[in-house]
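Quick caveat, the model's predicted, so the values are computed rather than measured. In what follows, every chain begins at residue 1, and chains take the letters A, B, ... in the order their sequences are listed.
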2 protein chains.
Amino acid sequence: MVPSVPVSVDLVVLTVRNQALSALVWRRDNPPFLRRWSLPGGFIQLDEDLPAAAHRILAERAGLPGAPVHLEQLQTYGYPDRDPRQRVLSVAYLGLAPDLPASEKAHMSWQPVSSLTVMAFDHRRIMLDGVERARAKLEYTSLSAAFCPPEFTVADLRRVYEIVWDRSLDPRNFHRKVTKAEGFLLEAGATTTRDGGRPAKLYRRGPAELLHPPMLRSLKE
Amino acid sequence: MVPSVPVSVDLVVLTVRNQALSALVWRRDNPPFLRRWSLPGGFIQLDEDLPAAAHRILAERAGLPGAPVHLEQLQTYGYPDRDPRQRVLSVAYLGLAPDLPASEKAHMSWQPVSSLTVMAFDHRRIMLDGVERARAKLEYTSLSAAFCPPEFTVADLRRVYEIVWDRSLDPRNFHRKVTKAEGFLLEAGATTTRDGGRPAKLYRRGPAELLHPPMLRSLKE
DNA sequence: ATAATAGTGTCTGTTAGACATTATAAC
DNA sequence: GTTATAATGTCTAACAGACACTATTAT
């Protein structure tokens with residue numbers, strides 16, 4: 001006799017908006033945790049793969065169909081009373097997105113991570129785990145570009161690092177490191193003066209997934 | 001109506017034995033995959049937490065009760081037909097252990113990772129994901145010491161890195177880096193001449209979990 | 001012209017990797 | 001003594017961080 005458990009997929013979708021690292025959340029309109037912020041999620045269907053469920057929930061529940069979101073599995077949360085109604089196992093996925101137009105769904109909104117101090121279930125823990133994963137991965141992968149639109153400047157990319165890490169970075173050293181890292185950035189050819197001053201070159205994501213050398217967040221401020 | 005799925009916990013327990021990175025596996029004695037190597041695993045019980053299930057399986061199924069094994073969640077595998085009999089979601093855990101006495105269980109043995117080219121279900125994929133996680137974590141955490149007995153020499157630790165990474169490392173540079181890394185090693189006071197030559201100091205694990213600076217596997221051999 | 005931002009160069013201290021040398025045991 | 005391994009030291013090239021300087025736009 002093998003016990004079965006309902007399995008949900010919950011999403012920690014992060015973006016950089018208004019100078020703040022923000023997560024996609026919705027306000028619950030039913031008990032338990034009525035009116036608390038909650039991560040978008042849903043139960044997996046029979047014969048549905050986990051990544052497929054994550055993409056379906058991103059489209060249907062989160063209201064971001066077809067959005068260019070990097071999705072990767074985060075962790076699985078399973079202690080028995082994390083949902084007071086019944087035991088639910090939750091496979092969390094981490095999504096990184098550029099600053100998108102608002103979700104089409106009612107009750108769904110981007111909220112700064114720092115403001116989400118109280119959430120439904122164990123969703124705050126899940127969200128914080130996702131934030132820490134994102135912070136760590138910016139060091140040794142090229143995922144920072146997942147927070148940017150298809151074409152972006154070095155300054156755009158620097159602001160992503162500064163906001164996600166909550167640190168200021170020297171623009172000149174950052175420029176040198178990021179343009180020297182093999183396969184990180186490809187010149188798009190065009191420039192922009194949207195930020196004023198000398199025109200900035202536009203770049204696209206390069207083929208590299210891992211950064212050599214990595215962008216280390218040093219110990220000092 | 002919420003679909004439920006049986007959930008198993010499978011273990012990738014790794015150790016360094018006979019100059020080889022080895023995993024704890026057993027030979028299946030039932031179909032499907034009769035006689036294939038398989039990871040130790042079992043279904044979670046009602047009201048059982050995931051880490052608790054992992055420890056229970058380590059003791060009962062793997063035959064290593066009370067062994068000093070570092071356990072951490074690896075990943076969750078859920079595509080629908082990974083078990084041909086019925087859909088099973090598997091939460092994999094990674095375990096790192098010193099060279100232990102053999103498991104008490106029949107059919108259970110340590111096999112070199114490189115020899116496990118064919119396994120039951122998707123267990124080879126799971127095992128390789130665990131190996132890659134272990135390789136990566138040796139770089140920036142102090143987990144290498146989890147492969148060592150409570151007291152060990154710098155040379156012991158170096159052999160762990162060399163075998164897990166399949167690289168040779170310069171003993172002198174390794175010694176300098178590892179003894180300078182803050183909180184990595186604590187002198188145990190004693191020495192040993194078990195390897196011949198000048199007596200080597202014995203160390204214990206220090207309090208640090210993260211290494212500053214990290215032990216990078218460089219690009220070159 | 002001034003202001004603002006982009007991009008390059010220079011200097012210095014730290015670190016990685018290569019490798020010489022010394023230290024302490026067994027035989 | 002020789003041999004084996006441990007531990008320390010030296011040198012050089014690469015890199016991080018601090019910061020001066022030049023380049024190109026808008027006003």
Side-chain angles (χ1 to χ4, degrees), chain A residues 19 138-140 144 148 151-162 165 167-204 208 210-221, chain B residues 19 138-140 144 148 151-162 165 167-204 208 210-221:
Chain A
Q19 318 275 30
L138 289 207
E139 287 198 297
Y140 57 94
S144 49
C148 296
E151 299 203 340
F152 54 89
T153 68
V154 171
D156 292 334
L157 197 62
R158 178 168 48 84
R159 280 186 277 270
V160 166
Y161 277 93
E162 291 182 326
W165 284 352
R167 264 176 182 67
S168 62
L169 298 173
D170 185 287
R172 300 155 292 187
N173 293 335
F174 181 86
H175 191 284
R176 168 165 43 87
K177 289 200 63 172
V178 91
T179 52
K180 271 190 185 169
E182 192 79 22
F184 191 4
L185 300 181
L186 298 176
E187 288 197 25
T191 62
T192 178
T193 56
R194 115 177 87 78
D195 287 342
R198 171 173 172 177
K201 287 184 189 169
L202 287 168
Y203 293 88
R204 300 173 173 280
L210 296 178
L211 293 186
H212 291 284
M215 306 284 300
L216 300 175
R217 6 170 207 186
S218 67
L219 306 175
K220 53 170 315 195
E221 179 69 11
Chain B
Q19 318 276 30
L138 288 208
E139 288 199 297
Y140 58 94
S144 50
C148 296
E151 298 203 341
F152 54 90
T153 68
V154 171
D156 292 333
L157 197 62
R158 177 167 49 83
R159 281 185 277 269
V160 166
Y161 277 93
E162 291 182 327
W165 284 352
R167 264 175 183 67
S168 62
L169 298 173
D170 185 286
R172 300 156 293 188
N173 294 335
F174 182 85
H175 191 283
R176 169 165 41 88
K177 289 198 63 171
V178 91
T179 52
K180 271 191 184 169
E182 191 79 22
F184 191 4
L185 299 181
L186 298 176
E187 289 197 24
T191 61
T192 179
T193 55
R194 115 177 86 78
D195 287 341
R198 172 172 170 178
K201 287 184 189 169
L202 287 168
Y203 293 87
R204 299 174 174 280
L210 295 178
L211 293 186
H212 291 284
M215 306 284 301
L216 299 174
R217 5 171 208 186
S218 67
L219 306 174
K220 53 170 318 196
E221 180 71 10

Inset, instruction - Indicate the atoms forming the closest heavy-atom contact of A:L216 with A:K177, along with that distance. - result: N-NZ, 4.1 Å
Inset, instruction - Take atom CG of A:L216 and atom P of D:dA14, then tell me their distance rounded to the nearest Å. - result: 18 Å
Inset, instruction - Could you check how far CG of A:L157 sits from P of C:dA6, rounded to whole Å? - result: 13 Å
Inset, instruction - Quick one: label A:N173 by what it contacts on the DNA or RNA (base, sugar-phosphate, nothing), any heavy atom closer than 4.0 Å. - result: base
Inset, instruction - Give the B/S/- string for nucleotides 21-27 of chain C, one per nucleotide from 5' to 3', where a protein heavy atom under 4.0 Å of the base yields B, of only the sugar-phosphate yields S, and otherwise -. - result: --BBS--
Legend entry - Charged N-O contact under 4.0 Å between A:E151 and A:R204: yes
Legend entry - Which nucleotide in C:dG17, D:dA7, D:dA16 has an atom nearest any side-chain atom of B:K201: D:dA7
Inset, instruction - Taking all non-hydrogen atoms of both residues into account, name the closest pair between A:L185 and A:L157 and its distance. - result: CD2-CD2, 4.2 Å
Legend entry - Gap between atoms CG and P, on A:D195 and C:dA3 respectively (whole Å): 20 Å
Legend entry - Residue-phosphate contact under 4.0 Å: B:K177 side-chain N/O, C:dA16 OP1/OP2: yes
Legend entry - Donor-acceptor pair, side chain of B:Y161 and main chain of B:S144, under 3.5 angstrom: no
Inset, instruction - Give the nucleotide from the list D:dT8, D:dC19, C:dG7 with an atom nearest to the side chain of A:A200. - result: C:dG7
Inset, instruction - For A:H212 and D:dC15, give me the distance from atom NE2 to atom P, rounded to whole Å. - result: 12 Å
Inset, instruction - Compare the minimum distances between each of D:dA18, D:dA6, C:dA16 and the side chain of A:R176, then state the nucleotide with the smallest one. - result: D:dA18
Legend entry - Polar side-chain atom of A:E139 near backbone of A:P214 as donor-acceptor pair, under 3.5 Å: no
Inset, instruction - Round to a whole Å and report the spacing from CD of A:E139 to P of D:dC15. - result: 17 Å
Inset, instruction - Taking all heavy atoms of B:M215 and all of B:L211, pick out the closest pair and write down the distance. - result: CG-CD1, 3.7 Å
Legend entry - Over all atoms of both residues, closest heavy-atom pair of A:Y203 and A:E187: CE2-CG, 3.5 Å
Legend entry - Rounded distance (Å) that lies between atom P of C:dA16 and atom NE2 of B:H175: 16 Å
Inset, instruction - Starting from C1' on C:dT8, measure out to CZ on A:F174 and report it in whole angstrom. - result: 16 Å
Inset, instruction - Check every strand shown and say whether A:D170 touches a base, only sugar-phosphate, or nothing at a heavy-atom separation below 4.0 Å. - result: base
Inset, instruction - Return the value, rounded to whole Å, for the distance between atom CG of B:L185 and atom P of D:dA6. - result: 14 Å
